[in-house]
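Working notes for the structure below.
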Amino acid sequence: MNKNIIISGVGGQGILTIASIIDLAAMNLGLNVKQAEVHGMSQRGGAVESHLRLSSDEIFSDLIPEGKADLILSIEPMESLRYLPFLSPGGVIITATEPYVNIANYPEEEKLLGTIAGSANHVFVNADLLAKEAGSAKSYNVVMLGAAAPYLDIATEELEKAIGMFFNRKGEEMVNLNIKAFRLGLANSLNE
Amino acid sequence: MNKQLLLGAEAIAQAALDAGISGVYAYPGTPSTEITQFIQQSLQARDSGVRSKWSANEKTAYEAALGMSYAGKRALVCMKHVGLNVAADAFMNSAITGVHGGLVVVVADDPSMHSSQNEQDSRVYGKFAMIPVLEPSNQQETYDIVRYAFDLSEDIKLPVLLRIPTRLSHSRAVVAGAEAIPQNQLAPTQEKNRWILLPVNARKGYHSLLEKQAQLIILSEFSKFNKVIPGTGDKAVIAFGIAYNYVMEVIRTYNLNIPVLKLSQYPLPEKKMSEFTEKYREILVAEEGYPVYEELLKGFFGDTKFRGRLDSTLPRTGELSPNILAKALGVKTNDEQAVPSIVAPRPPMLCKGCSHRDLFDALVGAMESYPQRHVFGDIGCYTLGALSPYNAISTCVDMGASVTMAKGAADAGLFPAVAVIGDSTFTHSGITGLLDAVNDKSAVTVIISDNGTTAMTGGQDSSGSGKYYDICKGIGVDESHIREIVPLKRNFEENVRVMKEEFEYDGVSVIISRRECVQRIKSKE
């Protein structure tokens, strides 16, 4: 098993939550994991990405080679395109559709979604809406994780178990809310 | 032993705890901050009483660690690469004194300058000080090498430099720990002459350091961290530290059969090096950072057998990557898609509601009426005040430089001469500069933007919190020219007025602009 995933967003959006849950699930399955993160200046509202690699073999590079990512999982639409050079031929972009506009020259939304659609196989997720449906706008990231679930080669039960482990210290209510968010994201992808 | 998913930085911290350190000393700096943070949050550290509070700067950190070593206990000191410039005096001389309890200095380099002013390579410092340098390639090796480093330091009685780059510090992998050992007992050194660097002793210490070099090379010859990965053909690779990962990634992905000499312990093993290099016609030297050893191997006249950053086989600057190594090894990779032109740059910026924003608004307002608009800036979140829409600062050089550069410019006749410095940066390296200005009665205005934390690195405690007024008063700033303002929109007019009044004062004035960091408030909630 080999999976290379770029997770992208804007500093402060919390892309590391997604990475941490996948890490947990992969570790439970005894897979090797490498996950390169961005700390420091970019976390102040700049573009951030995480390189997440899962494998049953030894993983050498912390960075995914260009053209070798199976998946770009983005919680912001423009950011999904910033890492396009990493996407493998046949790779998939899964992105939230809500723009995070903190720059003056943010592109026109329709054109942006059109460019994504023209660049690769893609899944659009109205993550904000689904997160609110799950019960909290903060479950946005977990909705996106659910949307990515069919592409991860990890059983959904394992991912749900990891969500349980991750949110356990915040109480059962938080676990249930996030499981719901995960399932809404998952259903969105299965209906595409 | 238990397995944990750890950042490279955290692997260092866990290994140091398991190696029985009694203290960690550090000033926050990307990409090294998480080492100390991990220890501060570790139950194991709390249970065994490991001291871990932040130091005022890297020099005080280094000296405290050296003192702990003098007392016979093991100490870890951590910093980012440019922090070693600050600690360099203590660092260089600790190679002459040597150590008593094990002392490991971790320096986290930032090739590509993700969060730094330069990409200096700390291995050069290691060579300069003539101490062992360790440069692990992955997280597990990082854990193992730290355990080894403490034993090595005590065996040869020298500090050991551990160098990691951003990518290793900030990347997670599964790490298996080994059994923890207890801390050393208090047992101060009895060889006091070794530690009193009067010239007569220093000469002896330097000789002893030189005599140790042969032993260090032998240790590298037999180090398990230096190894040959066999292959055939007449081309080979020498891969240092993390560069090894990228080389192996390419070799495996493209099924290449190239011999590799992996090096993670310095000084270089001479015999191993010569045996390896004489076998091959062409050798790629892959180093993350400066072409330090490529230059050495090529020699003054430029032996063309060695390829690398100096002959454009690899880029001269910036981080390595699998694709860069693939190209250097002659592999044709697929044509990747380009980033579509619709994607706009998204640089970092000051947070919504950040106190620096209102400070810069007022500062820009106050400067408007002056023909000369120069503001000396410093290192921290507020360096982002250089960007639009503020364009409020004119310099950013090194920790504390705002105060002293403003002083020098004032001495040259610049008016107004204004410095902006954060609270943590001020106590790191600004106080002594302010004292110079006071003694010289320079016409400078120093604005301390006090948000109560070291914000850029994630909100660590700032060592002077609540003391800035007293510090300025104590070193002789006239109290009527120590002003306190609250950076808020509704105080704009008043803050502009206060700034202008102090700009006009022909002497040293300090404006303390105080409002808590919004991220810090959020994290408390």
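Just so we're on the same page: letters track the sequence lines, and every chain starts at 1.
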Next on the checklist: I'd like to verify something: which residue of Glu76(A), Glu108(A), His51(A) has the highest number of heavy-atom pairs under 4.5 Å with chain B?
Outcome noted: Glu76(A)
Checklist entry - Considering all heavy atoms of both residues, which atom of Arg346(B) and which atom of Tyr100(A) are nearest to each other, and what is their separation? => result NH1-O, 2.5 Å
Next on the checklist: Under 4.5 Å from any heavy atom of chain B, what part of Met78(A) do you find: side chain, backbone, both or neither?
Outcome noted: both
Next on the checklist: To check you understand the geometry: which heavy-atom pair defines the closest contact between Arg82(A) and Pro345(B), and what is its length?
Outcome noted: NH1-CA, 3.9 Å
Item to check | Taking every non-hydrogen atom, the tightest pair across Leu63(A) and Tyr246(B) | outcome: CD1-OH, 3.6 Å
Next on the checklist: Using heavy-atom distances under 4.5 Å, tell me whether Ala344(B) contacts chain A through its side chain, its backbone, both, or neither.
Outcome noted: both
Checklist entry - Asn105(A), Ile59(A), Val33(A), Leu24(A): which one forms the most heavy-atom pairs within less than 4.5 Å of chain B? => result Val33(A)
Checklist entry - For Leu320(B), is it the side chain, the backbone, both, or neither that has a heavy atom closer than 4.5 Å to a heavy atom of chain A? => result backbone
Next on the checklist: Given heavy-atom pairs under 4.5 angstrom as the criterion, report whether the side chain, backbone, both or neither of Ile324(B) touches chain A.
Outcome noted: neither
Checklist entry - Taking all non-hydrogen atoms of both residues, which atom of Pro340(B) and which atom of Leu81(A) are closest, and how far apart? => result CD-O, 3.7 Å
Checklist entry - Side chain, backbone, both or neither: which part of Thr30(B) has an atom under 4.5 Å from a heavy atom of chain A? => result side chain
Item to check | Interchain contact, Lys111(A) with chain B, by part (heavy-atom threshold 4.5 Å) | outcome: both
Checklist entry - Does Glu66(A) use its side chain to pair, donor to acceptor, with the backbone of Asn323(B) at less than 3.5 Å? => result no
Checklist outcome for this item: Cut-off 4.5 Å, heavy atoms of chain A, and the answer for Leu350(B) is neither
Checklist outcome for this item: Bottom line for Val10(A): the part with an atom under 4.5 Å from chain B's heavy atoms is side chain
Checklist entry - Arg172(B) and Leu16(A): side-chain contact (heavy atoms from CB on, under 4.5 Å), yes or no, with the steps? => result CA-CA 11 Å; Arg172(B) 279 175 211 283; Leu16(A) 295 182; 5.6 Å; no
Next on the checklist: For Arg44(A) versus Met456(B), what's the shortest heavy-atom pair and its separation?
Outcome noted: CG-CE, 3.8 Å
Checklist entry - Side chain, backbone, both or neither: which part of Ser50(A) has an atom under 4.5 Å from a heavy atom of chain B? => result neither
Next on the checklist: Minimum heavy-atom separation for Ser171(B) and Asp62(A), please, with both atom names.
Outcome noted: OG-OD2, 2.6 Å
Item to check | Donor-acceptor under 3.5 Å (Arg252(B) side chain, Glu58(A) main chain) | outcome: yes
Checklist outcome for this item: Heaviest contributor of heavy-atom pairs below 4.5 Å to chain B, chosen from Val38(A), Asn32(A), Asn102(A), is Asn102(A)
Checklist entry - Which bit of Tyr106(A) is near chain B, if near means a heavy-atom gap under 4.5 Å: side chain, backbone, both or neither? => result side chain
